[in-house]
Amino acid sequence: MIKRITTKDDFKNVLDDLNDLFNFENQNQAHHFLQYNKEYIYNAFGDNSILTWNFFVWANLNDKNKYDAIIAFLNYRSEKYGEEIFAEYIWLSKQSSMGYKLLATALKFAKEKEFKYVTMNRVMKHPKSDKVARFYEKMGFVKDTETYIAKI
């Protein structure tokens, strides 16, 4: 069951339930040099008002009453473009079908809230990076930029 997460307690439960998925991503498929840090994520966004108005989270609650997938978007207010952008923050799921359902739910919400733009990312090191790019193109996204990173 997909659930919108709007309380800090639910958000903490989601992050805790997804510990194995975070660890798997960090060990196998994460960004170059960087790893997800659940504590920092919680500290930055674990506030009821932030979860209601600026950080939008959906998670799947499975039949074992545990969360097994997450998608989150920021309400990014771009001073550069003068627009509010529905910007992907994190998207983790063991099952691609559930990942798609989370994305569809988030995009429906963005449309209802009258966001004009949505941004998505792909991690180049991820073994399914090319598949993700093809999926985005099928969904109507166009490639705008690529981000590179280096250690100093």
Side-chain angles (χ1 to χ4, degrees), residues 1-31 34-78 83-145 147:
M1 169 182 71
I2 293 176
K3 179 179 177 181
R4 173 139 181 244
I5 306 302
T6 58
T7 69
K8 65 181 183 176
D9 293 336
D10 283 346
F11 188 50
K12 176 99 170 75
N13 289 337
V14 169
L15 295 178
D16 288 344
D17 285 355
L18 293 174
N19 190 58
D20 290 343
L21 190 54
F22 276 101
N23 288 337
F24 179 80
E25 288 289 324
N26 283 339
Q27 292 171 5
N28 299 290
Q29 304 173 146
H31 298 268
L34 302 171
Q35 294 193 343
Y36 294 112
N37 186 310
K38 292 185 328 173
E39 181 183 342
Y40 276 64
I41 293 170
Y42 179 77
N43 289 340
F45 302 111
D47 177 90
N48 294 354
S49 62
I50 292 172
L51 289 163
T52 300
W53 300 106
N54 293 306
F55 190 65
F56 309 111
V57 179
W58 292 266
N60 184 60
L61 189 62
N62 65 26
D63 56 1
K64 296 176 184 168
N65 208 34
K66 295 286 183 185
Y67 293 100
D68 60 10
I70 185 174
I71 195 166
F73 287 81
L74 284 166
N75 179 1
Y76 171 60
R77 293 176 181 96
S78 173
E83 297 284 352
E84 288 187 351
I85 299 170
F86 196 64
E88 177 201 4
Y89 181 79
I90 195 167
W91 186 15
L92 300 174
S93 178
K94 290 182 181 178
Q95 300 173 355
S96 58
S97 61
M98 180 48 63
Y100 175 78
K101 289 176 185 176
L102 287 170
L103 177 61
T105 300
L107 293 177
K108 180 181 177 197
F109 172 86
K111 189 174 184 176
E112 289 170 357
K113 296 299 180 188
E114 299 180 352
F115 279 92
K116 292 181 189 175
Y117 305 98
V118 59
T119 60
M120 302 292 294
N121 306 296
R122 71 176 174 136
V123 177
M124 301 308 290
K125 186 180 170 190
H126 196 286
K128 294 183 181 179
S129 182
D130 291 335
K131 183 178 179 180
V132 170
R134 288 190 301 274
F135 172 74
Y136 287 161
E137 289 169 4
K138 285 181 184 177
M139 294 289 296
F141 288 86
V142 294
K143 185 176 175 180
D144 184 56
T145 61
T147 303

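Of the inter-residue distances, the one linking L51 atom CG with F56 atom CZ reads 10.0 Å to the nearest 0.5 angstrom. Between the CD1 atom in I90 and the CG atom in L74 there is a gap of 11.0 Å [rounded to 0.5 Å]. In this structure, K38 NZ and L15 CG are separated by 6.5 Å, a value rounded to the nearest 0.5 Å. We find the CD-CD distance between Q35 and E25 to be 11.0 Å, quoted to the nearest 0.5 Å. Taking OG1 from T105 and CZ from R4, the interatomic distance works out to 11.5 Å, rounded to the nearest 0.5 Å. Atoms CG and CG, on D20 and D68 in that order, are 11.5 Å from each other to the nearest 0.5 Å.
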Evaluation steps, side-chain contact (heavy atoms from CB on, under 4.5 Å), between R77 and N54: CA-CA 10 Å; R77 293 176 181 96; N54 293 306; 2.9 Å; yes
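The closest donor-acceptor contact from the side chain of Y136 to the backbone of N121 lies under 3.5 Å.
Residues K3 and D10 share a closest heavy-atom pair of NZ-OD2, 3.2 Å. Considering every non-hydrogen atom in both V14 and I70, the closest pair reads CG1-CD1, 3.8 Å. The shortest heavy-atom contact between L102 and A69 is CD1-CB, 3.5 Å. Pairing each heavy atom of Y36 with each of N26, the nearest pair is N-OD1, 2.8 Å. Taking each heavy atom of T6 and T52 in turn, the nearest pair found is O-OG1, 4.0 Å. Of all heavy-atom pairs between N60 and I2, the closest is OD1-N, 3.8 Å.
For residues 91-103, no residue pair satisfies the side-chain hydrogen bond (donor to acceptor under 3.5 Å, both in side chains) rule, not counting sequence neighbours.
Taking the side chain as every heavy atom from C-beta outward, Y67 and N13 approach each other to under 4.5 Å. A heavy-atom distance below 4.5 Å is found between the side chains of L107 and V118. Contact check for N75 versus K113: no side-chain heavy atoms found under the 4.5 Å cut-off.
At most 12 non-hydrogen atoms from other residues, nucleotides or ligands lie less than 6.0 angstrom from NZ of K8.
The ring pair (Phe, Tyr, Trp, His ring centres under 6.0 Å) check on F73 picks up F86, with sequence neighbours excluded.
The aromatic rings of Y42 and F11 sit parallel, their planes meeting at an angle under 30°, below the 60° perpendicular limit.
Side chains of S49 and D47: a donor on one and an acceptor on the other come within 3.5 Å.
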